[in-house]
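Below is one structure, written out as structure tokens; the observations come after it.
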Amino acid sequence: MDFSLSEEQLAIRQQAERFARERLLPNYRAQEARAAVGVELRREMAGLGLVGVEFPEDCGGLGLDAVTTGIIIEALAAGDFNVAYVVLLASLNGQILVDHMEREVAQPWIRGICSGDILPALALTEPGAGSDAANLTLSAARSGEAYILNGEKTSISMADQADVAVVFARTGSREQRARGISAFLVPMDSPGISRNRFDDMGQHAVGRGSIFFDAVEVPARMMIGEPGAGFTSVMQGFDFSRALIGLQCLAVAQQSLDETWQYVNERKAFSRPIADFQGVTFPLAELDTLITAARELCYKTLWLKDQGLPHTAEAAMCKWWAPKLACDAVHQCLLTHGHGGYSRALPFEQRLRDVLGLQIGDGTAQIMKMIISRQRTARHR
Ligand SMILES: Cc1cc2nc3c(=O)[nH]c(=O)nc-3n(C[C@H](O)[C@H](O)[C@H](O)COP(=O)(O)OP(=O)(O)OC[C@H]3O[C@@H](n4cnc5c(N)ncnc54)[C@H](O)[C@@H]3O)c2cc1C
């Protein structure tokens with residue numbers, strides 16, 4: 001077993017950590033007020049080689065592994081959870097295009113994602129289909145060399161900022177469930193598209209909203225994968241994003257803990273640093289232990305992906321555990337800062353609001369536990 005990082009991974013981590021410390025962390029609150037992650041910031045990250053490093057070189061990437069993508073997301077999210085979303089969405093959507101779309105059609109889009117010029121979204125959820133996504137109804141009807149899309153996607157991250165979206169639509173019948181679903185790459189400036197933004201409790205720089213499709217014409221070559229394979233093959237990309245989400249959330253937890261370890265040394269009560277009280281330090285020690293274990297799980301999941309080994313159950317474990325653990329950790333850090341922790345002058349309340357969203361986004365804990373249970377029972381059947 002080898003837990004060490006390569007020289008290249010260490011250098012990339014250093015680069016991402018410096019960017020997070022100098023550019024992101026001091027602006028975390030201001031970025032929330034901007035309610036967007038602008039193209040300049042995205043280009044800056046891309047210019048440092050931090051976006052889509054796992055994409056093939058002919059698509060603008062560096063051909064690196066999934067573990068390296070995890071290292072980058074973890075480093076960036078310690079500075080700003082929301083800005084790290086850009087890399088997460090680039091990797092999730094980019095990998096889907098790399099794996100399932102005709103290279104010639106996909107290439108300019110992947111290159112644009114890699115350079116920070118194109119911001120992608122993933123549009124699966126609908127008003128009547130969230131956890132039960134195979135029940136989706138947005139229709140894609142064939143018309144000559146195109147498909148005509150009608151319906152609504154909702155709760156989509158970056159809905160009003162995205163330049164393009166991977167959209168899951170029904171090309172078959174409702175009775176076919178998952179086998180009647182196909183995926184399309186849809187430019188968000190296509191005629192017939194309109195969008196809105198929700199009034200959310202957190203993740204304001206990302207933003208969430210609905211995308212409405214009113215007779216939107218999408219050329220047939222923009223289909224991703226085979227007809228009816230949207231669910232069965234394209235959605236396997238979620239095994240990648242779930243481990244990355246785990247690291248994104250844990251980074252926020254670890255950053256909060258590191259700040260809190262420092263604080264308990266400085267803050268005095270009863271004439272002593274509060275670090276002298278086990279009632280203060282033991283909860284922090286427990287959280288540090290759990291975060292360390294959850295981080296290993298996330299990296300192991302990415303390593304399994306890099307080896308081409310099955311990792312669906314592990315990815316679901318990352319996705320239910322890490323966001324919950326991160327919420328618990330940030331909550332404890334807020335409390336340990338006493339009355340100051342409750343103020344907007346410190347970042348804990350924003351972190352709590354931001355991280356909580358990913359206990360739901362990309363699938364709830366219940367759905368992740370269903371996936372794990374299915375994988376495990378199948379093994380014994
Ligand atoms: C911050 C955030 C970002 C998001 N980003 C995106 C995005 O970019 N793209 C996208 O497509 N979607 C996105 N979503 C939507 C998200 O994926 C869905 O909200 C999620 O899958 C749950 O669906 P739902 O909200 O319809 O809940 P429902 O499916 O209505 O579930 C409601 C509750 O019932 C539980 N439940 C449902 N079925 C079962 C069952 N069989 N057993 C036990 N419990 C069950 C659920 O766990 C949940 O607690 C995002 C959501 C959030 C909050």
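Atoms within each ligand, like the ligands themselves, are counted from 1 in listed order. The structure displayed is predicted, hence computed values, not measured ones. In what follows, every heavy atom counts, from backbone to side chain, and hydrogens, waters and symmetry copies are set aside.
Residue K153 does not touch ligand 1, judged by heavy-atom distances below 4.0 Å. Only side-chain heavy atoms of T364 come within less than 4.0 Å of ligand 1; its backbone N, CA, C and O stay farther off.
Shortest contact from atom 39 (C) of ligand 1 to any protein heavy atom: I367 CD1, 4.1 Å. When only non-hydrogen protein atoms are considered, atom 6 (C) of ligand 1 lies nearest to S155 O, 2.9 Å. For atom 2 (C) of ligand 1, the closest non-hydrogen atom of the protein is R208 CD, 3.4 Å. The single protein non-hydrogen atom nearest to atom 43 (C) of ligand 1 is Q366 CB, 3.7 Å, given as residue, atom name and distance. Of the protein's non-hydrogen atoms, I360 O, 3.8 Å is the one closest to atom 20 (C) of ligand 1. The protein heavy atom nearest to atom 5 (N) of ligand 1 is S157 OG, 2.8 Å. If you check which protein heavy atom lies closest to atom 26 (O) of ligand 1, you get G130 CA, 3.2 Å. Ranking the protein heavy atoms by distance from atom 37 (C) of ligand 1 puts S131 OG, 3.7 Å first.
Salt bridge status for R221 with E145: absent, with no side-chain N to carboxylate O gap under 4.0 Å. In summary, R353 and E32 engage in a salt bridge, as defined by a charged side-chain N under 4.0 Å from a carboxylate O. Note on R29 versus E349: salt bridge recorded, some NZ/NE/NH1/NH2 to OD/OE distance being below 4.0 Å. Under a 4.0 Å N-O distance rule, the pair R351/E259 qualifies as a salt bridge. The pair R42-D163 meets the salt-bridge criterion, with a side-chain N (NZ, NE, NH1 or NH2) lying under 4.0 Å from an Asp/Glu carboxylate O.
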Q: Might you work through the side chain to side chain contact (heavy atoms under 4.5 Å, CB included) test for F19 and M45, ending with a clear yes or no?
A: CA-CA 8 Å; F19 183 74; M45 284 194 292; 3.3 Å; yes
Q: Any chance you could lay out the side-chain hydrogen bond (donor to acceptor under 3.5 Å, both in side chains) test for Q95 and K305, step after step, and finish with the verdict?
A: CA-CA 12 Å; Q95 187 205 256; K305 174 178 162 49; 2.5 Å; yes
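A heavy-atom distance below 4.5 Å is not found between the side chains of E54 and V67.
With hydrogens and angles ignored, the 3.5 Å screen pairs a side-chain donor or acceptor of D80 with a backbone N or O of V83. Checking side-chain atoms of S182 against main-chain N and O of T171 turns up no donor-acceptor pair under 3.5 Å. At distances below 3.5 Å, not a single donor-acceptor pair connects side-chain atoms of K319 with backbone N or O atoms of L244.
Checked by distance only, ligand 1 and I156 stay at 3.5 Å or farther apart across all their nitrogen or oxygen atoms. For ligand 1, the polar-atom distance check against Q203 finds no nitrogen or oxygen pair separated by under 3.5 Å. Where the criterion is an N or O separation shorter than 3.5 Å, residue side chain and backbone included, L124 meets it with respect to ligand 1. Any N or O atom pair closer than 3.5 Å counts here, and T125 shares at least one such pair with ligand 1.
Within a 4.0 Å radius of atom 8 (O) of ligand 1, the protein has at least one heavy atom. Protein non-hydrogen atoms do reach within 4.0 Å of atom 50 (C) of ligand 1. In this structure, atom 14 (N) of ligand 1 has protein heavy atoms in its sub-4.0 angstrom surroundings. Distance check on atom 23 (O) of ligand 1: some protein heavy atom falls below the 4.0 Å cut-off.
The atoms of ligand 1 that sit less than 4.0 Å from any heavy atom of D362 are 17 (O). Near G361, the atoms of ligand 1 lying under 4.0 angstrom from a non-hydrogen atom of the residue are 2 (C), 3 (C), 4 (C), 50 (C), 51 (C), 52 (C), 53 (C).
The salt bridge (Lys or Arg N to Asp or Glu O under 4.0 Å) test with R208 is passed by exactly one of D199, D200, D160: D200. Exactly one of D362, V355, L356 qualifies for a side chain to side chain contact (heavy atoms under 4.5 Å, CB included) with Q359. That residue is L356.
Residue-ligand proximity: M370 is placed with a non-hydrogen atom under 4.0 Å from ligand 1.
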